[in-house]
Amino acid sequence: MSLIFSTLLFLLRAIELSLIFKTRVIPLSIKEVIGYSLLEDLSWLFYFLGLLFILHVVNSLLSVKFAKWFTQTWLVIAIFLQSALIFYFNKTFVPLGKDLFAYNVDDIILTVRSSGQFNILTVGSGILLSAAMFYILAMANKYIKISSKVTVALTIATYCFLIFFYFLPITDSNKLDETKTNIQMNKSKYLSEEAFDYFMFTKEYYFDFYLRTLNEAFFVKKEYTDPTYPFLHKAEYPDVLSPYFDSLSAAPDIVFILVESIGKAYSGKDAYLGSFTPFLDSLEAHSLVWTNAISSTGRTFGVLPGLMAGLPFGERGFQELYQDFPNHETFLSVLKKNGYESSFFIGSDVSFDNQKEFLENAGVTQLIDIDDFAPQYQKMPPANGFTWGYGDKEIFSNGLAIFPRNIGKPQVGIFQTITSHDPYLVPERDFYSKKFEDHLENYLNLSDAKKTEYREYQDIYMTILYADDAIKDFITAYSKKPEFANTIFVITGDHRLPEVPMASRLDRFHVPLIIYSPLINRPAYMKGMSSHFEVTPSLLAFLQAQVGIQLPEQTIWMGQVLDTAKVFQSNIAMPLMRNKNQLMEYINGEYFISDDQLYIITDGLNIDPIEDQNIKNKLTGEFEDYKNKNNYTLQTRKLLPIE
């Protein structure tokens, strides 16, 4: 059975590499990855079979028949799981790890359905694969006979190789290439290691964190005031935005546009893949633009807590604490105390990722989601009968009909798009197919060879073009409203999409960040590194200076303020959560640590590996300090004292 299992495992590797290199444009060849891929498969094979053999022997003492049945079942499960993980990776280009345990069953089913992979064909194929595996293993037990000497020799060899692979570590000489590393890894091995780490270590914390400023060079000097509330501090957040604005005569309306999966790699000035957002490109000339901006998470679950408050992540993102939120303030709750009303618009289910609970806790007055569209609006094209909801143009059109509300109060509006999300089915497909080709030819001026590479991701790029058009229609229509003259727009992405291969470990977080307003008198490009965490403190300091809003004396913002430097510099310190349950990156200044490797960051958020043990120890210590604070807050819910 083990020999057959081994053969099938290597067959699956061949299928995996064939799928990847046939469906994606990757700056690698099969020859560059196949050697280490086989070593990864062998290491997992010997580990899994070594463990299963021990269980088989123990079960055989009770019943040989039961032992064979037990072993056969787990071999089938292992092949089925490996197949599912391979297809998941080929779809998302991200290996499935401990983020699997961060979602409830309903969210998992919704996500699988949205990808178009949950259908009669895939379910039927899974059943047939399992049945075929059971049959093959049963026939092997019946007809293939191996002598005891050969069996013992193979068993001893298996354990020798297991010792070789796990006690004499074999590393890839180019492990810093994340795309290459992800392709080569055995997906079952990775998930098992992530699962072990999740179930064994997630609840640990130590009450030994330090209440101190991390770096005296930072813009904001935070005075931490209470060791039982480790994020609580007093600070003067400087107003860095007023020099770029006309003086305000009244509290402005503020509109956030959160664009699904829009990364700096394919949007705006110096986009290394070429920009697919021509309207946003034109808007930059009239805006404040941060070219080195990052999100706080690599998935959508972190955009609201990060942008609206700079909150700690908890175990699986702050919104997962919805059943018992720690007391906290947000941009929305602070403005509500200053007379603002707020509205949120999305075309899908606002309850996904517990956004509804977070927004309601923040005091949002009006929530508009998939259930609040009139019959004249059309949903996005379905994939196997499933659709996320309404497209971006429909979201903005529906929102414009009721926002801003003319009730004599300043307004905050949040528009969150959804079309540029897997399964990337764009409305008006014929129109955007032609627009895509025209964009390649006349906007990006690509050669025929390059066009072929981009066509591999045509569905994705078409949704980006569509989202850009939706924003264009929205801003154009909004400009005709009388409120436009006193409105500030904040436009950003929640994360970069992973399906198009990324340039680096930091690339997944690199997003556009644009502040646009007719009140801006000095448009500018900023190269100082900033993040979503800096948006709330900066806007609140601006509103305090301009219209005198009242701010709390003590805050819990993890960010600094937006860096308006015209040359690259980094004066932020923050953790990054790659996926739910994957807190694996940390930044301090120009240094970045990821998976125990230290990098230096340069303009464009390019990163290069460096070896400096002192700096690495410093960042590792700060990262562990944050994790302790984060886990302590998760256990105690002590984030902000209740007044």
With sequence neighbours left out, write down each residue that passes side chain to side chain donor-acceptor pair (under 3.5 Å) with [X], or none if nothing qualifies.
| X | value |
| --- | --- |
| E360 | none |
| S531 | E534 |
| Y626 | N630 |
| R637 | none |

Just jot down the ring pair (Phe, Tyr, Trp, His ring centres under 6.0 Å) partners of [X], sequence neighbours excluded, or say none.
| X | value |
| --- | --- |
| F313 | none |
| F48 | F5, W44 |
| F344 | none |
| Y266 | none |

*Mind checking side-chain contact (heavy atoms from CB on, under 4.5 Å) for S83 and listing every partner two or more places apart, or none if nothing turns up?*
L12, I79, L129
For the [atom1] atom of [X] and the [atom2] atom of [Y], what is their distance to the nearest 0.5 Å?
| X | Y | atom1 | atom2 | value |
| --- | --- | --- | --- | --- |
| T297 | F318 | OG1 | CZ | 14.0 Å |
| L576 | I593 | CG | CD1 | 12.0 Å |
| K356 | N354 | NZ | CG | 11.0 Å |
| I20 | I15 | CD1 | CD1 | 12.0 Å |
| M577 | F301 | CE | CZ | 5.5 Å |
| L45 | N186 | CG | CG | 9.0 Å |

*asked:* If you apply the rule side chain to side chain donor-acceptor pair (under 3.5 Å), what do you find for E585 with S594, and how did you get there?
replied: CA-CA 5 Å; E585 279 89 12; S594 175; 2.8 Å; yes
*salt bridge (charged side-chain N to carboxylate O under 4.0 Å, His left out) contacts in which one or both residues fall within residues 57-79, not counting sequence neighbours*: none
*Qualifying residue for side chain to side chain donor-acceptor pair (under 3.5 Å) with E40, from Q184, K187, K189*: K189
_Show me the pairs that pass side-chain hydrogen bond (donor to acceptor under 3.5 Å, both in side chains) and involve residues 70-82, at least two apart or across chains._
H56-T71, Q82-S188
*Does any pair with a residue in residues 2-15 pass side-chain hydrogen bond (donor to acceptor under 3.5 Å, both in side chains), and if so which ones, sequence neighbours excluded?*
R13-E16, R13-D41
*Just say parallel, tilted or perpendicular for the rings of F623 and Y586, cut-offs at 30° and 60°.*
parallel
_Ring-plane angle category for F373 and Y390, please: parallel below 30°, perpendicular beyond 60°, tilted otherwise._
parallel
*More than 12 foreign heavy atoms under 6.0 Å from NZ of K451: is that the case here?*
yes
*asked:* Taking atom CZ as the centre, does F325 end up with more than 12 heavy-atom neighbours from other residues, nucleotides or ligands that are less than 6.0 angstrom away?
replied: yes
Could you tell me if the side chain of [Y] sits less than 4.5 Å from the side chain of [X], heavy atoms only?
| X | Y | answer |
| --- | --- | --- |
| I370 | K379 | yes |
| R496 | H510 | no |
| M574 | I294 | yes |
| Q597 | R505 | no |
| L42 | F10 | yes |
| R299 | V94 | yes |
| L75 | L52 | yes |
| T419 | P427 | yes |

*Y466: which of F276, Y461, Y432 passes ring pair (Phe, Tyr, Trp, His ring centres under 6.0 Å)*: Y432
*Please lay out, stage by stage, how D459 and R429 fare under the test salt bridge (Lys or Arg N to Asp or Glu O under 4.0 Å).*
CA-CA 9 Å; D459 288 349; R429 183 175 180 84; 2.9 Å; yes
*Could you pull out the closest heavy-atom pair between Y457 and E499, with the gap in Å?*
CE2-O, 3.7 Å
*Passes side chain to side chain donor-acceptor pair (under 3.5 Å), N606 versus Y272? Steps please.*
CA-CA 11 Å; N606 299 304; Y272 70 82; over 6 Å; no
